[in-house]
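Below: the structure, in structure tokens.
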Amino acid sequence: MKSIIAIRGATTCEQNAREHILEATQELLLAVIGENSIHESEIVNIMFTATPDISAAFPAEAARACGLSKVPLLGAQEVAVTGAPLLCIRVMLLVDKELPRAMVRHIYLRGAVGLRPDLVGVGALRNINIAIDGPAGAGKSTVAQNVAKKLGLRYLDTGAMYRALTWLSLQRGVELRDGTSLSALAEKLAFNLNSDSQLTLDGRVLGDEIRTPQVNAAVSLVSSHGAVREIIVRKQQQLAASGGIVMDGRDIGTTVLVDAPVKIFLVADARERARRRLRELEALGHRVDLAEVVEQIIQRDHFDSHRAVSPLTPASDAIVVDTTDLPIDKVIRQILDIVANKQYEL
Ligand code: DC
């Protein structure tokens, strides 16, 4: 008896335009066919669906352009579903082939990797480390958290560790220019990640207490001490030792995870970053003035990028992404694209 297997895949395209849809679909089809070593004569049928925001006609054209001239093709338009991915193309290949179920590779590319974290998480991506660096307000934490969630990886906000040390030092009256006393305190801190990727200090989840204007104003000085950084970096590397983590910070690509296969450096205009920080502070109930926040951001940038130890700078192999005019979901998709393409190199 013949056994027909179904191989699935999905991807996203940049916009509802013929060339974008053709390019994304061809990449997907070639990956499904290549990764499963399928010959055209083994394909019984290919079915495409497209989300309502893109034309359902082009995926079939893409299959013909891939040289699949004899395979029956079906194309359908999906109905609108709240929360569904945007600009998404799905494919199902019915294949007449001896392929054990466990060997079938379903392929999810670009923004569609978020649809199947279980699949991307079982391959080379399960242990991938991703470094996301950049100045304050560039969108690092939102982007890093979302990327981690979509890929089923852990997430660590490394700035929170410097903030926690700063907060404790302010509470205990430790002199912030005294690197020796700060290091002694840093060494004692027991950081961990709970199952929701929340950073804990001595078993307690760290909250808004580390995000006050007082901590904001003092944290650059605390994090500029070489001896302090050495200790905190070691603790960060311990948390990353088992792999499968997205870290955001300033020196992740250059110092903490130098071997990370994906390194992103987010940048954005200082005024735009100040506006974002202002919204964050207001949401926490702090009243602050935009000009003051701009000034603080510029000062902090200058301090962070001119300090002697691990200054804020992109790693030579980092991809720089400007988020000034880019909505956050697009930034996330761009990074998922970068990660998805990496999985074939690992
Ligand atoms: O990302 P954030 O604003 O929470 O970071 C707080 C401070 O900590 C920032 O001024 C620079 C410092 N920091 C650092 O030096 N290295 C890191 N990896 C993360 C943060």
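Counting starts at 1 for both ligands and their atoms, following the listed order.
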Practice problem: Name the closest protein heavy atom to atom 10 (O) of ligand 1, giving the residue it belongs to and the distance to 0.1 Å. | Solution: Arg300 NH1, 2.8 Å
Quiz prompt | For Arg177, all residues meeting side-chain hydrogen bond (donor to acceptor under 3.5 Å, both in side chains), sequence neighbours excluded | solution = Glu175
Quiz item: Which residue owns the protein heavy atom closest to atom 20 (C) of ligand 1, what's the atom, and how far is it?
Solution: Gly159 CA, 3.5 Å
Quiz item: If hydrogens are left out, which of Arg277, Met247, Arg229 has an atom nearest to atom 16 (N) of ligand 1, that is, the closest non-hydrogen atom?
Solution: Arg229
Quiz item: Any donor and acceptor pair, going by atom type alone, linking the side chain of Arg154 with main-chain N or O of Gly243 inside 3.5 Å?
Solution: yes
Quiz item: Do Thr324 and Glu272 have side-chain N/O donor and acceptor atoms under 3.5 Å apart?
Solution: no
Quiz prompt | Per-atom contacts of ligand 1 with Gly249, taking only distances under 4.0 Å to non-hydrogen atoms | solution = 18 (N), 19 (C)
Quiz item: So which protein heavy atom does atom 3 (O) of ligand 1 come closest to, and at what separation?
Solution: Arg163 NH2, 3.1 Å
Practice problem: Would you mind running through ligand 1 and noting each atom that sits below 4.0 Å from a heavy atom of Tyr162? | Solution: 8 (O), 13 (N), 14 (C), 16 (N), 17 (C), 18 (N), 19 (C), 20 (C)
Practice problem: Using a strict 4.0 Å threshold on nitrogen-to-oxygen distance, state whether Asp157 and Arg211 make a salt bridge. | Solution: yes
Practice problem: Do me a favour and list the nearest non-hydrogen protein atom to atom 11 (C) of ligand 1 with residue, atom name and distance? | Solution: Asp304 OD2, 3.6 Å
Quiz item: Using 4.0 Å as the upper bound for N to carboxylate O, is an ion pair formed by Arg250 and Asp133?
Solution: no
Quiz item: What do the steps show when you test Arg64 against Glu61 for salt bridge (Lys or Arg N to Asp or Glu O under 4.0 Å), and what is the final call?
Solution: CA-CA 5 Å; Arg64 294 289 181 232; Glu61 191 184 333; over 6 Å; no
Exercise. Starting from atom 12 (C) of ligand 1, find the nearest protein heavy-atom neighbour and note its residue, name and distance.
Key: Ser223 OG, 3.5 Å
Self-check item: Carboxylate-amine/guanidinium proximity below 4.0 Å for Arg276 and Glu280
Solution: no
Quiz item: Of the protein's non-hydrogen atoms, which lies at the shortest distance from atom 1 (O) of ligand 1, and what is that distance?
Solution: Arg250 NH1, 2.8 Å
Quiz item: Hey, which atoms in ligand 1 end up nearer than 4.0 Å to a heavy atom of Ser220?
Solution: 10 (O)
Quiz item: Does an N or O anywhere in Arg307 fall below 3.5 Å from an N or O of ligand 1?
Solution: yes
Quiz item: Near Asp251, which atoms of ligand 1 are under 4.0 Å from a heavy atom of that residue?
Solution: 16 (N), 17 (C), 18 (N)
Quiz item: Which pairs count as side-chain hydrogen bond (donor to acceptor under 3.5 Å, both in side chains) when at least one residue sits in residues 163-174, sequence neighbours excluded?
Solution: Arg163-Asn216
